[in-house]
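Order of the sequence lines fixes the chain letters, A, B, ..., with proteins taken first and strands second; residue numbering starts at 1 for each chain. This one's a predicted model, so the numbers in the text were calculated from it and none came from an experiment.
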Amino acid sequence: MYFCPPNRNIMIEKLLTQTIVRATAKLYGREVANELVQVQKTRPEFEGDFTVVVFPLLRLSHKSPEQTAEELGDFLVEHLVEVEAFNVIKGFLNLVIADAYWLDFFETAAGQAHFGFSEPGDSDPVVVEFSSPNTNKPLHLGHVRNILLGWSVSEILKSAGRKVVKVNLVNDRGIHICKSMLAWQKWGEGKTPEKAGMKGDKLVGDFYVKFDKEYKKEIETLIQQGLSKEEAAQQAPLLLEAKQMLRGWEEGDENVRKLWADMNGWVYDGFDVTYKRMGIEFDKTYYESDTYLLGKAIVEEGLEKGVFFKKEDGSVWCDLSDEGLDEKLLLRADGTSVYMTQDLGTAQLRYDDYHPSELVYVVGNEQNYHFDVLKLVLKKTGRLWAENIRHLSYGMVELPHGRMKSREGTVVDADDLMDEMFETARKTTEELGKFDDFSPEESKQLYHILSQGALKYFILKVDPKKNMTFNPEESIDFNGHTGPFIQYTHARIKSVLRKAAAAGIEIREVDKTAFSTEPKEKDLLRLLHEFPQILLQAAENMSPAMIANFVYELAREFNQFYHELPIAKEPDTQKRNFRLGLSAFVGTVIRSSMGLLGIQVPDRM
RNA sequence: GGUCUCGUAGCUCAGUUGGAUAGAGCAGCAGCCUUCUAAGCUGCGGGUCGCAGGUUCGAGUCCUGCCGGGAUCACCA
């Protein structure tokens, strides 16, 4: 399914670099180091395609920047057919690449269904963990960023030739779910998602909120009775009951386990609806109820090896002060696991399951410290593969007034948000008065594609590392630097191609010698030419934002081309064929780029 | 307090090993639909890149300090 010849744009940049190295040997008697040769894109305000920065070469030439540039320019024009002309401005050598090169690139690349994608290699897979929800509350905007990043990064890694396993680790046990269970027992009156007519995750989430409310009341009462705030929080009967329930769960109490299985089942049904709507699936789902006891063996092993130590109370620690960190608890005094213990175990499990070349964890940056520790602790036990753990640390989604807080009710619910986006898509489309001929099903499908595109693009266009702001007051835009703008560009291209086909125009071979490119055509070719590199960089940096920004630029560039030049209406047959082919090429790259972001593109909108 | 991180136009964001006069979108103003989809295109205004030093031929980008925001430093996950 994937095919792609060697990367041509990497090749020309390499070719230029190599030739400059040769030039310095010939002209100045000494070869310059490859790293000192800087070949970059020429800025749009200057004439040329690639620019060589000559300043680093002056130490060899012992001449002025201008003269050095002139000499190198002459050499390149003389030795490379691809270099047609050059100009020198302030020590920058701007090279004009021949039309033939660009048209040759067009000829070989335009027809490829997966232009820029690498063929899958034989290496061990990358395991990407993302989503990783708790089962006591519905998914919110923070999870949405996590899920979209995890999915997109997985697709991007695949496009770079890696095998990928998408995994989810569901936190299905613990005090949090017991709180929901207890609240359901006390005030649920036998409610189920079916009876209540609501999504299971919402129902369970409501009981979690209910618990919290009643718990707070109890704390209030206890404080009035003279207890300190902390004492009250510890001793409130509801909390004690929830803890009792957790013990029951761990001892395998049938009733508790039954209720637990039922309520988690409701939650999974709810999550599935949300995942499905987002177009997300996993290759494997792990459950903490299966893995929470893992990791103790690693702790034992570490004790034997003497890399961990036990305190008097029986708790086990790892001393990381050599690494600039402090001591880290690995096992409680009562022998029970902490978060770190489990994560040691699940990392091992995942390693055993897949022998991955890389273990990627899509987890918020508030856990940076945790992952530093995880790697160090694993390494202490001699697990060299810990080096392959990569924490894809992403920034929080903040509201204009700060972070989302569930107790202040400012959490943006994923389903609600998607509903609102869908409404916006419907209204916008209806206001524009397009496609009254669409069936209700077709319309619904279009609104779905547009709303998901708007939301996903809004989130993925931001550098994962950075915090981002979401303003719930303003609905996500459909104009400008947005998903729908790019989707629109695709639909526009398809429309032109449809009309051309309907008019009986066949796109035949283009005679490259019959015309020269217009500036807007070449701008597009140059951008398309960059795509393979962008993909590799996005994979290396695990950054969907790089692709998002690239495809936006491509769409913007296409729209300018579209306004400036006739495509199907161009009278010159060769030019017309070329422009149609170029448009189709842009459409393909838009589609595959957006696909890497998990965004579909419509043929009509 | 220690560690990490961020600070670019009114707002949301680009700016990939340091390279030319710092770019987009939104919002505002002014234009463009008898011509391939106006969810589009064109133009205008808007910046001491938090502040101060330093390294360099060259700094939004690297180093130091300061100011401001955030995260983290749990026998929580």
Side-chain angles (χ1 to χ4, degrees), chain A residues 35 38 40 42-46 51 53-56 58 65 89-92 94 132 134 171 174-176 288 311 313 315-317 324-326 329-334 336-340 342-343 364-370 372 393 395-396 398 400 402-403 425 428-429 431-432 434-435 450 454 458 461-463 465-471 474 477-489 491-500 503 533-534 537-538 540-541 543 545-546 548-549 552-553 555-556 558-560 562-570 579-580 583 604-605:
Chain A
E35 304 81 62
Q38 293 181 39
Q40 50 196 232
T42 302
R43 305 193 65 169
E45 59 266 38
F46 302 102
T51 294
V53 186
V54 301
F55 293 103
L58 301 185
I89 299 168
K90 288 163 69 178
F92 293 88
N94 300 319
S132 315
N134 289 355
N171 184 5
I175 192 71
H176 53 85
E288 281 198 10
K311 288 194 177 174
D313 63 1
S315 56
V316 179
W317 298 74
L325 306 176
D326 44 19
L329 177 82
L330 299 179
L331 218 52
R332 292 191 187 101
D334 63 7
T336 56
S337 298
V338 291
Y339 179 45
M340 183 58 70
Q342 293 182 40
D343 255 14
N365 61 12
E366 72 266 12
Q367 294 195 37
N368 285 354
Y369 178 73
H370 173 76
D372 288 345
S393 164
M396 312 183 298
E398 291 172 321
R403 61 191 301 189
T428 308
T429 307
E431 274 166 21
L432 289 170
K434 294 185 179 183
F435 310 123
L450 294 180
F458 179 85
K461 76 172 176 184
V462 180
D463 182 344
K465 292 193 295 289
K466 296 188 179 172
N467 290 354
M468 62 178 293
T469 308
F470 175 80
N471 189 347
E474 303 167 10
D477 228 309
F478 280 52
N479 298 314
H481 189 180
T482 67
F485 166 77
I486 298 161
Q487 290 171 317
Y488 171 76
T489 307
R492 196 176 225 187
I493 289 170
K494 285 292 177 190
S495 172
V496 174
L497 296 175
R498 264 195 313 271
K499 292 216 164 128
Q533 266 183 347
I534 300 284
Q537 280 169 13
E540 180 53 40
N541 296 302
S543 173
M546 288 183 160
N549 286 305
Y552 169 64
E553 207 181 328
R556 204 160 46 95
F558 179 82
N559 280 307
Q560 291 170 14
Y562 175 91
H563 275 270
E564 214 166 282
L565 300 167
I567 302 170
K569 294 192 171 174
E570 164 61 42
R579 285 179 197 159
L580 283 167
S583 301
R604 291 181 66 193
M605 68 178 272

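- Distance noted for atom P between B/A24 and B/G43: 9 Å (whole Å).
- At least one side-chain nitrogen or oxygen of A/Lys499 sits closer than 4.0 Å to the OP1 or OP2 atom of B/U37.
- Checking B/U37, B/A39, B/A24 against every side-chain atom of A/Ser495, the shortest atom distance belongs to B/U37.
- Nearest nucleotide to the A/Ala568 side chain, out of B/C13, B/C41, B/C36: B/C36.
- Residue ring and base: A/Phe55 counts as stacked with B/G19 (centre distance below 5.5 Å, interplanar angle below 30°).
- Note that CD of A/Glu553 is 9.5 Å distant from NE2 of A/His481, once rounded to the nearest 0.5 Å.
- Regarding the sugar-base torsion, B/C33 falls in the syn class, its angle being within 90° of 0.
- Checking A/Thr482 against A/Asp477 by side-chain atom types alone, no donor-acceptor pair falls below 3.5 Å.
- Atom-to-atom, CZ of A/Arg403 to C1' of B/G69 comes out at 13 Å; the value is rounded to the nearest Å.
- The phosphate of B/G40 (OP1 or OP2) has a side-chain N or O of A/Asn479 nearer than 4.0 angstrom.
- Using a 4.0 Å heavy-atom cutoff across all strands shown, A/Ser543 reaches no nucleic acid atom at all.
- Backbone-only contact: A/Val338 has heavy atoms under 4.0 Å from sugar-phosphate atoms and none from a base.
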Quiz item: According to the Watson-Crick and G-U wobble definition with distances under 3.5 Å, which dot-bracket string, read 5' to 3', encodes RNA chain B, using [ ] for crossing pairs and | for pairs with another strand?
Solution: (((((((..((((.....[...)))).(((((.......))))).....(((((..]....))))))))))))....

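- Using a 4.0 Å heavy-atom criterion, one finds that A/Tyr552 contacts the sugar-phosphate atoms exclusively.
- A salt bridge links A/Arg579 with A/Glu570: the distance from a Lys NZ or Arg NE/NH1/NH2 to an Asp or Glu carboxylate oxygen falls below 4.0 Å.
- A salt bridge between A/Arg332 and A/Asp334 is absent, with no side-chain N of the basic residue lying under 4.0 Å from a carboxylate O of the acidic one.
- With the nearest nucleotide of RNA chain B identified for both A/His176 and A/Met468, A/Met468 has the one nearer the 5' end.
- Spacing between B/A14 and B/C6 at atom C1', rounded to whole Å, works out to 16 Å.
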Exercise. Please assess A/Tyr552 against A/Ile486 for the test side-chain contact (heavy atoms from CB on, under 4.5 Å), listing each intermediate value before the final yes or no.
Key: CA-CA 6 Å; A/Tyr552 169 64; A/Ile486 298 161; 4.2 Å; yes

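- The distance from atom CE of A/Met396 to atom CG of A/Asn467, rounded to the nearest 0.5 Å, is 4.5 Å.
- When heavy atoms are screened at a 4.0 angstrom cut-off, A/Asn171 is found touching the sugar-phosphate backbone but no base atom.
- Annotation: B/G10 and B/G46 have their P atoms spaced 11 Å apart (nearest Å).
- Scored by the ring-ring contact (aromatic ring centres under 6.0 Å, His included) test, A/Phe558 finds A/Phe561 as partners (sequence neighbours excluded).
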Practice problem: With side-chain contact (heavy atoms from CB on, under 4.5 Å) as the test, would you mind laying out the steps for A/Gln487 and A/Leu450 before giving the verdict? | Solution: CA-CA 8 Å; A/Gln487 290 171 317; A/Leu450 294 180; 3.2 Å; yes

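- The distance from atom CZ of A/Phe458 to atom P of B/C13 is 7 Å, rounded to the nearest whole Å.
- Rounded to whole Å, the distance from OH on A/Tyr562 to C1' on B/C33 is 11 Å.
- Checked against the 6.0 Å centroid threshold, A/Tyr488 and A/Phe478 do not count as a close aromatic pair.
- A distance of about 40 Å separates the P atoms of B/C67 and B/G28, rounded to the whole Å.
- Mapping A/Ala491 and A/Arg332 onto RNA chain B via the closest heavy atom, the residue that lands nearer the 5' end is A/Ala491.
- Checking the phosphate oxygens (OP1, OP2) of B/A77, no side-chain nitrogen or oxygen of A/Gln367 falls inside 4.0 Å.
- The aromatic ring of A/Tyr488 does not stack onto the base of B/G40, failing the criterion of a centre distance under 5.5 Å from the six-membered base ring together with planes under 30° apart.
- The residue A/Asp326 sits close only to the backbone: its heavy atoms come under 4.0 Å of sugar-phosphate atoms, none of a base.
- For the pair A/Arg43 and B/G23, the criterion of a side-chain N or O lying under 4.0 Å from OP1 or OP2 is met.
- Residues A/Asn559 and A/Arg492 have side chains that bring a donor and an acceptor to within less than 3.5 angstrom of each other.
- Separating the P atom of B/U3 from that of B/C57 is a span of 32 Å, rounded to the nearest Å.
- Across all strands shown, A/Pro56 has heavy atoms under 4.0 Å from base atoms, whether or not it also approaches the sugar-phosphate.
- Ranking B/G70, B/U37, B/A14 by closeness to the A/Lys466 side chain, first place goes to B/A14.
- Within the structure, every side-chain polar atom (N or O) of A/Ser583 is placed at least 4.0 Å from both OP1 and OP2 of B/C36.
- Among the protein residues, A/Asn94 comes within range of the nucleic acid bases, having at least one heavy atom under 4.0 Å from a base atom.
- Picking from B/A38, B/U42, B/G19 the nucleotide with the shortest atom distance to the side chain of A/Gln560 gives B/U42.
- Within 4.0 Å (heavy atoms only), A/His481 reaches sugar-phosphate atoms of the nucleic acid but no base atom.
- B/G58 and B/U17 have their C1' atoms separated by 16 Å, with the value rounded to a whole Å.
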Exercise. Go through the steps to decide whether A/Asp343 and A/His370 satisfy the test side-chain contact (heavy atoms from CB on, under 4.5 Å), and finish with yes or no.
Key: CA-CA 10 Å; A/Asp343 255 14; A/His370 173 76; 2.8 Å; yes

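- In this structure, A/Phe478 reaches the bases: a heavy-atom distance under 4.0 Å links it to at least one base atom across the strands shown.
- The listed nucleotides are B/G19, B/A20, B/A14; the one nearest the side chain of A/Thr42 is B/A20.
- In terms of phosphate contacts, A/Lys461 brings no side-chain nitrogen or oxygen within less than 4.0 Å of OP1 or OP2 of B/A24.
- The side chain of A/Arg492 places an N or O atom within less than 4.0 Å of a non-bridging phosphate oxygen (OP1 or OP2) of B/A38.
- Using a 4.0 Å heavy-atom criterion, one finds that A/Gln537 contacts the bases of the nucleic acid, with or without backbone contacts as well.
- Note on A/Leu450: a base of the nucleic acid sits closer than 4.0 angstrom, heavy atoms only.
- Across all strands, A/Met396 comes closer than 4.0 Å only to sugar-phosphate atoms, never to a base (heavy-atom distances).
- Residue A/Phe46 has its side chain nearest to B/A20 when only B/A20, B/A77, B/C36 are considered.
- Atom CG of residue A/Asn541 and atom CG of residue A/Asp463 lie 9.0 Å apart, to the nearest 0.5 angstrom.
- For A/Leu329, the listed nucleotide lying nearest its side chain is B/C75; candidates were B/C75, B/A39, B/A77.
- Using a 4.0 Å heavy-atom criterion, one finds that A/Tyr369 contacts the sugar-phosphate atoms exclusively.
- As judged by a 4.0 angstrom heavy-atom cut-off over every strand, A/Lys465 is placed among residues making no nucleic acid contact.
- Atom C1' of B/A59 sits at a distance of 15 Å from the matching atom of B/A52, rounded to the whole Å.
- Close to B/U21, at under 4.0 Å from its OP1 or OP2, lies a side-chain N or O of A/Lys90.
- Proximity of A/Arg579 to the phosphate of B/C36: no side-chain N or O atom is located under 4.0 Å from OP1 or OP2.
- B/G2 and B/G54 are spaced 26 Å apart, taking the P atom of each and rounding to whole Å.
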